[in-house]
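See below for the structure under consideration.
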Number of protein chains: 2
Amino acid sequence: MNEEFRESRSGCPINLSLEVFGDKWSLLILRDMTFGGKRHFRELMRSQEGISSNILADRLKMLVEKGILTKADDPTHKQKAIYSLTEMSIELVPIFAHLGAWGRRWLPVSEELSIRAQLLEAGGQAMWDEFMAELREEHLGAPPPDRSRTGGRTVRQTLQVAYEAVLARQAAERAAE
Amino acid sequence: MNEEFRESRSGCPINLSLEVFGDKWSLLILRDMTFGGKRHFRELMRSQEGISSNILADRLKMLVEKGILTKADDPTHKQKAIYSLTEMSIELVPIFAHLGAWGRRWLPVSEELSIRAQLLEAGGQAMWDEFMAELREEHLGAPPPDRSRTGGRTVRQTLQVAYEAVLARQAAERAAE
DNA sequence: CTAACCAATTGTATTTTGCAACTGGTTGCA
DNA sequence: TGCAACCAGTTGCAAAATACAATTGGTTAG
């Protein structure tokens, strides 16, 4: 397991974490998989930030090597690869939540791209736990979580609906001008 | 405030956060200031990971420009600069805590460099709040927090004592072989 | 049969990083 | 007063990472 860390700069947990995703793209790929439900190379290419295909290929390879993602053949298409989160990456959800909250508080975020972060912050640990359970179901084939409390809607759907509502309102406001 | 983000790739809070410290060094510098109490260039040069002086100078400049640090003259020495955390960087404490917990769980950390992360994780939000209050006192001149509950020892001292205890035990074990 | 789709790879230019040496000055001490 | 240690960087250069555009070799739907 530890072979890719042979040349690590130090055994500090923060440093080792940064050696994994201390760059401008790795966490964005994981963000799109986690919150955007993206599983394929081509879906990941359509990121807000415009990643190029060689960088994406390189990062996916690295993340698979480090055990943060897994890669499998998609049965519906011989050339299609499907990427999955692992427990390792699913447990980044609280970090995403805090990172989003911090960014929303201190940086010039746009409303539509920060509504998810806002809801995730407001939902707290309970929502994060629920979301992680959903990801385990979707990516690891874990048994489905009890969804009776949440009205049958997944956390990702909740976030997505809120995002689209903001987009719709913005479009209406622009039309009204 | 937002001038340095004019060319940002997107208004997503996670993306904007990564544009600030999505590299291999910025968070390590902030870690050393936050947990190591380092305030001077030369102290920061002595990181576990061996940052080089040009990179350190570049990152300090960027972090000051972005409002994540401030820089002031040290009255004790004409050439000495003293760097301080701001509210922005003090509020990274929960992110450090989660990042440390994640790294400790999934990466090949060393015992002595992860004992702090372990204590910080165990201490939870209450400990993080206490620590942030201490940092505000130390870096922003905020009024001292009520320290009666904690036996007069600061969180940083608690972490440091634990770190040194591990080092001492390791030295004793090596001597006993 | 063909156009769209698929996950990349290739080539090249630019930018960032890493490393070592060096700068111009300040301070403590003998 | 002179000298060594200290101070925050800067400079020059090589190596690595990144960005961008074009292309590859194959698959699939209509």
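Computed from a predicted structure; not experimentally measured. These numbers come from the heavy atoms of this one structure, side chains and all, not from hydrogens, waters or symmetry mates.
- Legend: residues meeting salt bridge (Lys or Arg N to Asp or Glu O under 4.0 Å) with E43(B), ordered by chain and number and at least two apart, are absent.
- E164(B) pairs by the side chain to side chain donor-acceptor pair (under 3.5 Å) definition with Q160(B), not counting sequence neighbours.
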Stepwise, does the side-chain contact (heavy atoms from CB on, under 4.5 Å) test hold for F131(A) with T154(A)?
-> CA-CA 8 Å; F131(A) 189 36; T154(A) 66; over 6 Å; no

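- Checked by atom type and distance alone, the side chain of E111(A) never pairs as donor or acceptor with a backbone atom of V166(A) at under 3.5 Å.
- Ring geometry for F21(A) versus W102(B): interplanar angle of 30 to 60°, hence tilted.
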Side-chain donor-acceptor contacts of residues 50-64 of chain B below 3.5 Å, not counting sequence neighbours, with atom names and distances?
from   : atom 1 : to     : atom 2 : distance (Å)
S52(B) : OG     : N54(B) : OD1    : 3.3
R59(B) : NE     : D23(B) : OD1    : 3.4

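- Using a 4.0 Å heavy-atom distance criterion, K61(B) is classed as making no nucleic acid contact.
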Determine, for nucleotides 11-21 of chain C in 5'-to-3' order, which nucleotides have protein heavy atoms under 4.0 Å from the base (write B), from only the sugar-phosphate (write S), or from neither (write -).
-> B-----SBB-B

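- Residues that satisfy the side chain to side chain contact (heavy atoms under 4.5 Å, CB included) test with T86(A), not counting sequence neighbours, are T70(A), M88(A), S89(A).
- Taking a heavy-atom distance under 4.0 Å as the criterion, the stretch of DNA chain D touched by chain B extends 5' to 3' from dC7(D) to dG12(D).
- One can place CG of L69(A) at 15 Å from C1' of dA7(C), the figure rounded to the nearest angstrom.
- Listed by chain and residue number, nothing satisfies the salt bridge (Lys or Arg N to Asp or Glu O under 4.0 Å) test with E134(A) (two or more places apart in sequence, or in another chain).
- Here E138(A) pairs with R156(A) under the side chain to side chain donor-acceptor pair (under 3.5 Å) rule; sequence neighbours left out.
- Looking only at distances, a side-chain donor or acceptor of H40(B) sits under 3.5 Å from a matching main-chain atom of A81(B).
- At a non-hydrogen distance threshold of 4.0 Å, H40(B), F41(B), R42(B) from residues 39-49 of chain B come into contact with DNA chain D.
- Partners of R153(B) according to the side chain to side chain donor-acceptor pair (under 3.5 Å) rule, which considers only residues two or more places apart in sequence or in another chain, do not exist here.
- Inter-axis angle, ends of the helix from dC1(C)-dG30(D) to dA30(C)-dT1(D), five pairs per end, rounded to 10 degrees: 20°.
- In this structure, E49(B) pairs ionically with R31(B), as a charged nitrogen and a carboxylate oxygen lie closer than 4.0 Å.
- dA8(C) atom C1' lies 13 Å from atom CD1 of I51(A), rounded to whole Å.
- Residues that satisfy the salt bridge (Lys or Arg N to Asp or Glu O under 4.0 Å) test with K24(A), not counting sequence neighbours, are absent from this structure.
- For the pair K78(A) and A81(B), nearest-nucleotide mapping onto DNA chain D gives the more 5' position to A81(B).
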